[in-house]
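Position 1 is the first residue of the sequence; numbering continues from there. Values below: all heavy atoms of this structure, side chains included; hydrogens, waters and symmetry mates excluded.
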Amino acid sequence: MHEKWISSGNVLLILTAALAVACVVAQALLARWWETSGGRHVMAFQSVLAAVLTLWALRVWLPDMTWLVVARGLAFGGLPVVFTWRLLIILKTWREKHRKRAEVAHGDDR
């Protein structure tokens with residue numbers, strides 16, 4: 001057995017990847033995530049993280065084969081997409097709350 005994967009960092013990486021995949025599977029089986037924009041975002045976000053973590057964990061055991069390097073690049077390419085999506089959700093939510101507070105402060109509560 002390789003000593004390389006036994007380090008605490010690798011064990012935590014493998015554990016985190018397994019948990020990330022378990023979250024995706026649980027949500028896919030137990031939630032109606034596709035019905036809301038928030039649900040779709042959470043599924044996309046955790047799916048991309050699970051893919052990145054799983055491919056990173058595979059690197060502990062496998063050499064840098066071409067398919068693995070390409071798959072890792074594609075998975076990491078999804079990160080800016082889901083983080084941009086999340087940032088837009090955060091900004092939209094903040095803007096809506098800020099607008100509602102301003103309306104209430106100015107007596108425009110209708």
Exercise for the section: Quickly, which of Leu74, Leu62, Leu68 forms a side-chain contact (heavy atoms from CB on, under 4.5 Å) with Leu55? Name it, please. Expected result: Leu68
Practice task
With sequence neighbours excluded, tell me which residues meet salt bridge (Lys or Arg N to Asp or Glu O under 4.0 Å) with Arg86.
Solution key: none
Problem - Euclidean distance, Arg40 CZ relative to Trp34 CH2, rounded to 0.5 Å - result: 11.5 Å
Exercise for the section: Could you state whether Leu15 and Leu49 fall into the same hydrophobic cluster, counting links through intermediate Ile, Leu, Val, Met, Phe, Trp or Tyr residues with side-chain heavy atoms under 4.5 angstrom apart? Expected result: no
Problem - Rounded distance [0.5 Å steps], CD1 in Ile14 versus CH2 in Trp61 - result: 3.5 Å
Practice task
Please report the shortest heavy-atom distance between Ala17 and Ala57, naming the atom on each side.
Solution key: CB-CB, 4.1 Å
Practice task
Look only at the side chain of His106 and the backbone of Ala102, and say whether a donor-acceptor pair between them is shorter than 3.5 Å.
Solution key: yes
Handout entry: Pair Arg99 + Glu103: basic N to acidic O under 4.0 Å
Key = yes
Completion exercise
Scanning both residues in full, the closest heavy-atom pair of Trp85 with Ala44 reads CZ3-CB, 3.5 Å
Problem - Crowding at CH2, Trp56 (>12 non-hydrogen neighbours, <6.0 Å) - result: no
Completion exercise
The side-chain hydrogen bond (donor to acceptor under 3.5 Å, both in side chains) partners of Arg32 (sequence neighbours excluded) come to Glu35
Exercise for the section: For the residue pair His98 and Trp94, categorise the inter-ring angle as parallel (less than 30°), tilted (30 to 60°) or perpendicular (more than 60°). Expected result: parallel
Practice task
Only pairs at least two apart or in different chains count here, so list each salt bridge (Lys or Arg N to Asp or Glu O under 4.0 Å) that has a residue in residues 45-58.
Solution key: none
Handout entry: Hphob cluster co-occupancy, Val52 + Val82, side-chain heavy atoms under 4.5 angstrom
Key = yes
Practice task
Mind listing the closest non-hydrogen atom pair of Gly78 and Val48 along with its distance?
Solution key: C-CG1, 3.7 Å
Exercise for the section: Could you give me the CA-CA distance, side-chain angles and deciding distance for Val42 and Gln46, then say whether side-chain contact (heavy atoms from CB on, under 4.5 Å) is met? Expected result: CA-CA 6 Å; Val42 169; Gln46 67 187 16; 4.0 Å; yes
Handout entry: CG on Leu19 to CG on Leu12, rounded to 0.5 Å
Key = 10.5 Å
Practice task
Could you tell me whether the side chain of Phe83 reaches within less than 4.5 Å of the side chain of Leu87, counting heavy atoms only?
Solution key: no
Problem - Within-4.5 Å side-chain heavy-atom neighbours: Asp64 and Arg72 - result: yes
Exercise for the section: To the nearest 0.5 angstrom, please state how far the OG1 atom of Thr84 sits from the CD1 atom of Ile89. Expected result: 11.0 Å
